[in-house]
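Not measured: the values here are computed from a predicted model. In what follows, chains carry the letters A, B, and so on, assigned in the order in which the sequence lines appear, proteins first and then strands, with residues in each chain numbered from 1.
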There are 2 protein chains.
Amino acid sequence: MSSTRRAETFPANTPAASQIFTTVLSHGPLTRLEVARRAGLSPAAVTKAVRPLIEAGYLVEDADEPARPTLGRPANPVRVDGGRALFIGVKVTGDEIIGVLTDLCCRIRLARHAPLPDREPKQVLASVAELTGELLAEAADLGVPVLGLGIAVSGDVDRGAGVVRYSPFLEWRDVPLAELAAATTGLPVTVDNDVRALTVAEQWFGAGVGLSDFAVVTVGAGIGCGLVVHGRVVAGAQGVAGEIGHVTVDPAGPPCHCGNRGCVEAIAGDAAILRRIREATGVEVADTAAAVELARQGDTGAREAYARAGEAIGRGIATVANLLGPERVVISGEGLAAYDLFAEQIRDAFTAAAFGSAAQCDVQTRPLPFEEWARGAAATAIQSFIRADQQR
Amino acid sequence: MSSTRRAETFPANTPAASQIFTTVLSHGPLTRLEVARRAGLSPAAVTKAVRPLIEAGYLVEDADEPARPTLGRPANPVRVDGGRALFIGVKVTGDEIIGVLTDLCCRIRLARHAPLPDREPKQVLASVAELTGELLAEAADLGVPVLGLGIAVSGDVDRGAGVVRYSPFLEWRDVPLAELAAATTGLPVTVDNDVRALTVAEQWFGAGVGLSDFAVVTVGAGIGCGLVVHGRVVAGAQGVAGEIGHVTVDPAGPPCHCGNRGCVEAIAGDAAILRRIREATGVEVADTAAAVELARQGDTGAREAYARAGEAIGRGIATVANLLGPERVVISGEGLAAYDLFAEQIRDAFTAAAFGSAAQCDVQTRPLPFEEWARGAAATAIQSFIRADQQR
DNA sequence: GCCCTTATTTTCCGCCGTCAATAAAAGAAG
DNA sequence: CTTCTTTTATTGACGGCGGAAAATAAGGGC
């Protein structure tokens, strides 16, 4: 009855094998020939790599395809058996933690959240362990093993070391979260920055599938950005990157908590919008929902606050596009609830500020259910499990 | 006597072999053991990979080391024999072309330049061919083969295809420059964007050696930026990246030729500084040298123009640092001649606008002799020859 | 049933890189 | 002067991955 089971490992030791698996994971059912083409390998290599993965149950032959009337031997597509394994993703915010149980394809099976009374590492750890325990129990009912736990935290995180270097929000410094959580849960733990985790989810399972260069911009309390360059998530030399929130868009703009003026976040962050509305209209709006309401009712001051926010975001995205030339930028985050209030301004500001062919970048939006952050955490756990650390 | 010699190829077919060579190239003489450590290979693999490279003359054993009194069998360092092969790099500017003859270590052996009467592709090609011919003749005197030609052009260049997609400066569109130049010179030709070429030179032979994430910022007529992320130069999805010159630093700033206001280039580009001085002082300064002179004499308007330029550059660098978290930023370009006039402002603006640990980024300057652009072109030719396209 | 086409698998082969042992080249010790 | 110690480089056997080509599988059309 002891929980000291040995961690299950993925039967793909070679880079090629995990690349093949990742390809199938991201691109749905694929015939072996298609996999070979995409991965740049010979069909024979794919056959050989796929077999042990099928034997271990991670891949299945997708027999129930509608038989297409095609010449020659019918193809025999393989896909990932999502039900083969489960993962847990946890996002720690300032006042609550959100946990999801996902399958191997990162589809959410179950979501839970729990309030976080205290931000001390010990307390957070206890809450994470409790939530994880609940999800593990559910997984046990399903009879499917849970193979990893991903934890997403805002701030400066060293994923390799599993250490939260500095999280201003939690007021943590150098907390070896992966180690601690592994000890309490008995699971392999991956810790990463929250925006990067979300970016991993987009890269493997979302709007970034198949792209080697794209960006995810999150709009909400803060403005964040995850970058994928050369098919890999950018972590920065110091573990920090994508600080689009503190790109200056107007040196004469409002002061930001970072000490500067006119950062994107100081104009388009939730708090900034509320303050702007208060200053412009005198109305004391309680929260973002009230602000959105006010703006939708046509209040000029509120609408203008959102317009300015949109302009700042658009400029920020243009900056990213000008510097990196991504194929696509995905805008996400809780702030999207107000998207109708600044969509036009984002687009206009982006188009105006994007230089040359950077303007061809495809700017998309994607709604962000509250579990999505936790799903990102699960995606990092899946990634670690497959340890396709090498490439995308 | 015919010049239809078959192009010499590099005897390193495997990724590991070219990685080993690149390591030795960048990190000077190294013992086989050191190479193995750096490249993450076994010593045996290094021995085996090095032998054919020595036999072909690309590597030599560096016998003339000062015998260090050390225990054990003395190490036997190898280094690249720069004199084994030569390369030609050509930079095409608006009114002249600059050519250099470099050795395999990218050391400049000879530099030439020629005026460019006309920007038509045909004319440019003829000039390139003529300059290349002169350098080839010199190389023939040395009895060393020239193994590649690199051409650097500003604008949107598809290096893989060897095509200049769009160069506003030259008014070119979709010119297959590599193919054309290969036909006229008989050399393998690499064409790349000028700033990226410079970045390659820094990455392999300069301030970026050993770094996987850094940036090169060029200050001059335009403000450019080359980025290295994950050990590779960023080319962008559309072949354009690093447009730091058109990052907005002040939406209320002066109009830029790109249609926006307050771009870095609209404040810190040569023309912008001249205009600013004219507006502030009424003095009609003829050129940048005169502007520098005026500022050094203490003219308030001129000094302020440079101060503003420095601030814009510093903000631009901070933006790069915030987004990508590079280990180092190297400032280069002709504009550095005026460095004393804005060094302080660059540093202050960078420090102020860099967020969190991005401020730890090491900002350096590096003078840029006029041949340096052409040397970058040669570096791309060397890179193509070794075809270590895979990694750095 | 035979032929055609396309997908997958099998078989064999080369090659790269590791491992473990060995050689080499000193200085140190006696 | 010989032997030992220490560090570096090399050798040779071995295993495994991935490619090429040939074989096999699995239909549809006739």
Between [atom2] on [N] and [atom1] on [X], what's the gap in Å once rounded to a whole number?
{"X": "Arg73(B)", "N": "dA25(C)", "atom1": "CZ", "atom2": "P", "value": "6 Å"}
{"X": "Arg37(A)", "N": "dT8(C)", "atom1": "CZ", "atom2": "P", "value": "10 Å"}
{"X": "Leu71(A)", "N": "dA7(C)", "atom1": "CG", "atom2": "C1'", "value": "12 Å"}
{"X": "Glu61(A)", "N": "dA25(D)", "atom1": "CD", "atom2": "C1'", "value": "13 Å"}

* Going through the checks in order, is the side chain to side chain contact (heavy atoms under 4.5 Å, CB included) test met by Ile20(B) and Val46(B)? -> CA-CA 7 Å; Ile20(B) 286 171; Val46(B) 176; 4.2 Å; yes
Would one find a side-chain N or O of [X] under 4.0 angstrom from OP1 or OP2 of [N]?
{"X": "Thr47(A)", "N": "dT10(C)", "answer": "no"}
{"X": "Arg51(A)", "N": "dT10(C)", "answer": "yes"}
{"X": "Thr14(B)", "N": "dG17(C)", "answer": "yes"}

* Asked: Has the side chain of Glu179(B) got a donor or acceptor atom that lies under 3.5 Å from a matching backbone atom of Pro176(B)?
  -> no
* To do: Determine yes or no for a side-chain-to-main-chain donor-acceptor pair under 3.5 angstrom, with Arg375(A) supplying the side chain and Cys106(A) the backbone.
  =>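 Yes, because the side chain of Arg375(A) sits within donor-acceptor range (under 3.5 Å) of the backbone of Cys106(A).
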* Give one of base, sugar-phosphate or nothing for Ala49(A), where a contact means two heavy atoms less than 4.0 Å apart. =>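 No contact.
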* Does a distance-only test, which skips hydrogens and angles, find a donor-acceptor pair under 3.5 Å between the side chain of Lys48(B) and the base of dT18(C)? -> yes
* To do: Answer yes or no on whether Arg328(A) is positioned over the face of Phe214(A), meaning its NZ or CZ is under 6.0 Å from the six-membered ring centre and within 45° of the axis.
  =>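 Not satisfied by the 6.0 Å and 45° rule.
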